[in-house]
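Each residue takes its place number in the sequence, starting with 1. Read the numbers this way: they start at 1 and go in the same order the structure lists the ligands and their atoms. The structure presented is a predicted model; accordingly, all values stated were derived computationally and were not measured.
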Amino acid sequence: MTATDLEFAQHLSTTPKTVEQREAILADPGFGNHFTDHTAIVDFSVDADGKGGWSNARVEPYGPIALDPAAAVLHYGQEIFEGMKAYRHADGSIWTFRADANAARLNRSAARLALPQLPEPIFLESLRQLVSADRDWIPTGEGESLYLRPFMIATEAFLGVRPAREVSFRVIASPAGNYFGGELKPVSIWVSRNFARAGRGGTGAAKCGGNYAASLAAQLEAEANDCKQVLFLDQFNDNAVEELGGMNVFFVFKDGSLVTPALSGTILEGVTRSSVIQLGRDRGMNVVERKITLDEWRDGVATGDITEVFACGTAAVITPIGQLKDGDEIIGAPDARPGEVTMSIRSQLLGIQTGTAEDVHGWLTRLV
Ligand SMILES: *Cc1c(COP(=O)(O)O)cnc(C)c1O
């Protein structure tokens with residue numbers, strides 16, 4: 001299938017949620033709890049000559065997937081995903097943010113997991129089709145949006161170990177409120193000393209479900225220690241700071257610089273991360289991607305050289321980090337307030353996404 005012969009069949013739901021049900025969900029969406037009425041699907045298969053192609057693009061009612069119990073994804077985890085958001089602007093138009101970057105990253109993840117490349121026009125059209133079928137599902141409260149979850153799974157029924165020849169690309173959507181719930185309080189973070197989410201040569205730079213499965217034991221440890229999220233370190237590299245389970249990390253220094261861990265192959269390259277780097281540079285900050293160790297974090301907070309720390313990702317946008325707990329040691333004050341630079345970059349980013357701040361870099365794509 002090429003960009004010019006994209007034709008999505010429309011199989012619209014005959015039993016969508018009622019207006020009352022939808023409004024009740026939109027009044028308090030939470031995160032990842034509720035799903036819209038439809039899903040967009042495109043299938044991939046390899047023909048007898050060994051040539052692969054995408055076909056059977058369609059919009060279907062949201063519902064369970066019938067999978068063969070031998071489907072490769074269920075056994076070998078051949079799966080990747082993306083996370084992005086659709087925003088309704090004041091004039092009713094619906095936009096998404098840096099979709100080209102998500103399409104490119106999906107294909108980098110696909111290459112690493114030996115899944116097929118998905119042409120960007122198909123990716124974008126899938127988002128358009130789903131969002132236009134479910135356009136009434138976008139909450140418009142402050143910081144609210146429709147979270148879009150594109151994903152690709154190996155559907156071929158085959159227990160031998162090789163890349164699947166049948167694959168399905170799908171998009172589902174979920175109305176999203178504030179990720180961590182309630183007001184924007186600095187979160188506390190647990191330092192994972194027992195677990196890594198990624199290793200050299202592994203899949204850390206790919207957005208795949210396996211990385212998340214690998215992070216859950218650490219996440220449980222964090223919760224047992226009253227922390228919201230986990231920080232992963234590279235213990236073979238002076239405890240260099242990597243990232244959280246699903247968010248990248250930034251440090252604001254007293255001298256006006258903005259530092260984030262350099263991409264090492266074990267860190268996921270966040271679209272929010274690259275946007276924050278650009279917005280920092282736009283403001284004349286000295287933005288540096290480099291190695292930053294846990295020792296430097298501890299010392300920097302103690303001396304006051306590090307003035308703010310925040311995490312970023314599509315789901316939670318930008319979230320201030322209050323305390324870091326490393327076993328019995330605590331770095332940072334318990335009553336930390338969100339930092340000025342953190343909040344300013346956050347509101348600029350949200351402004352661009354929701355259409356109230358100028359999109360100087362042309363990051364928005366209109367979906368509907
Ligand atoms: C998705 C993800 C991020 C954030 O990426 P964004 O594109 O900014 O949403 C960071 N770390 C990990 C491990 C991720 O999976």
Side-chain angles (χ1 to χ4, degrees), residues 31-32 77 79-87 96-110 112-113 123 127 143 145-152 171 173-174 176 178-180 187 189-190 192 195-199 202-219 222 228-234 240-250 258 260-280 289 309-319 321 342 345-346 348-350 352-353 361 363-365:
F31 185 86
E79 186 267 358
I80 56 174
F81 65 95
E82 275 301 320
M84 43 208 305
K85 284 176 170 173
Y87 309 87
T96 192
F97 183 71
R98 304 194 71 177
D100 53 334
N102 292 95
R105 186 172 65 191
L106 181 85
N107 281 330
R108 292 198 301 275
S109 301
R112 181 65 186 83
L113 277 283
F123 180 82
L127 302 178
S145 58
L146 183 65
Y147 184 79
L148 304 174
R149 167 54 61 86
F151 61 107
M152 197 190 287
V171 190
S174 173
N178 183 327
Y179 189 72
F180 287 117
V187 293
I189 305 288
W190 175 253
S192 176
F195 305 107
R197 68 173 277 286
T203 54
K207 207 167 178 72
C208 65
N211 292 340
Y212 279 73
S215 75
L216 294 178
Q219 179 67 26
K228 286 267 189 192
Q229 279 272 339
V230 188
L231 174 76
F232 291 102
L233 304 173
D234 183 349
V241 171
E242 299 230 287
E243 59 172 317
L244 308 186
M247 300 177 86
N248 298 113
V249 185
F250 279 85
L258 184 61
T260 192
L263 298 174
S264 57
T266 51
I267 294 175
L268 196 285
E269 183 174 0
V271 175
T272 320
R273 176 187 181 277
S274 34
S275 307
V276 168
I277 289 174
Q278 184 63 53
L279 295 179
E289 297 174 68
V309 189
F310 64 85
C312 71
T314 297
V317 196
I318 287 180
T319 302
I321 293 178
T342 304
I345 294 179
R346 181 178 191 276
Q348 185 184 6
L349 191 55
L350 276 171
I352 294 170
Q353 293 168 336
H361 296 288
W363 282 340
L364 297 183
T365 302

Leu258 vs Phe310, test: side-chain contact (heavy atoms from CB on, under 4.5 Å). Steps then yes/no. CA-CA 11 Å; Leu258 184 61; Phe310 64 85; 4.1 Å; yes
For Leu244, the option from Val187, Thr319, Val230, Leu231 that meets side-chain contact (heavy atoms from CB on, under 4.5 Å): Leu231
Note: ligand 1 atoms sitting under 4.0 Å from heavy atoms of Val271 are 6 (P), 7 (O), 8 (O)
Salt bridge present between Arg273 and Glu289 (N-O < 4.0 angstrom): yes
I want to check something: taking the side chain as every heavy atom from C-beta on, are Leu349 and Phe97 in contact at a cut-off of under 4.5 Å? yes
Protein heavy atom at shortest distance from atom 9 (O) of ligand 1: Thr314 OG1, 2.6 Å
Nearest neighbour in protein (non-hydrogen) for atom 15 (O) of ligand 1: Tyr212 OH, 2.5 Å
Walk me through whether Ser174 and Arg149 qualify under side-chain hydrogen bond (donor to acceptor under 3.5 Å, both in side chains). CA-CA 8 Å; Ser174 173; Arg149 167 54 61 86; over 6 Å; no
Counting from 1, what ligand 1 atoms have a heavy atom of Arg197 closer than 4.0 Å? 13 (C)
Nearest candidate to atom 5 (O) of ligand 1, where distance is taken over non-hydrogen atoms, out of Ser275, Cys208, Gly270, Ser215: Gly270
Of the listed options (Gly245, Gly246, Gly204), which comes nearest to atom 10 (C) of ligand 1 when hydrogens are ignored and any heavy atom counts? Gly246
With a 4.5 Å heavy-atom cut-off, do Leu233 and Glu242 have their side chains touching? no
Could you identify the single nearest non-hydrogen protein atom to atom 8 (O) of ligand 1 and state the distance to 0.1 Å? Thr272 OG1, 2.6 Å
Over all heavy atoms of both residues, which pair between Glu243 and Leu268 is shortest? Give the atoms and the distance, please. OE2-N, 2.8 Å
Tell me whether ligand 1 is touched by Glu82 - counting only heavy atoms on the residue side and a distance under 4.0 Å. no
Asn248 heavy atoms within 4.0 Å reach ligand 1 at atoms 10 (C)
Is there a heavy atom of Arg105 sitting under 4.0 angstrom from any atom of ligand 1? yes
Below 4.0 angstrom, N of the basic side chain to O of the carboxylate: do Arg105 and Glu82 qualify? yes
Protein contact of atom 14 (C) of ligand 1 - nearest heavy atom, named by residue and atom, plus distance: Lys207 NZ, 3.0 Å
Which ligand 1 atoms, with their elements, are less than 4.0 angstrom from a heavy-atom of Gly313? 4 (C), 8 (O), 9 (O)
Under 4.0 Å, heavy-atom basis, I'd like to know which part of Glu243 is in contact with ligand 1: side chain, backbone, both or neither. side chain
Carefully, step by step, assess Phe31 and Tyr147 under the rule ring-ring contact (aromatic ring centres under 6.0 Å, His included). CA-CA 8 Å; Phe31 185 86; Tyr147 184 79; 5.0 Å; yes
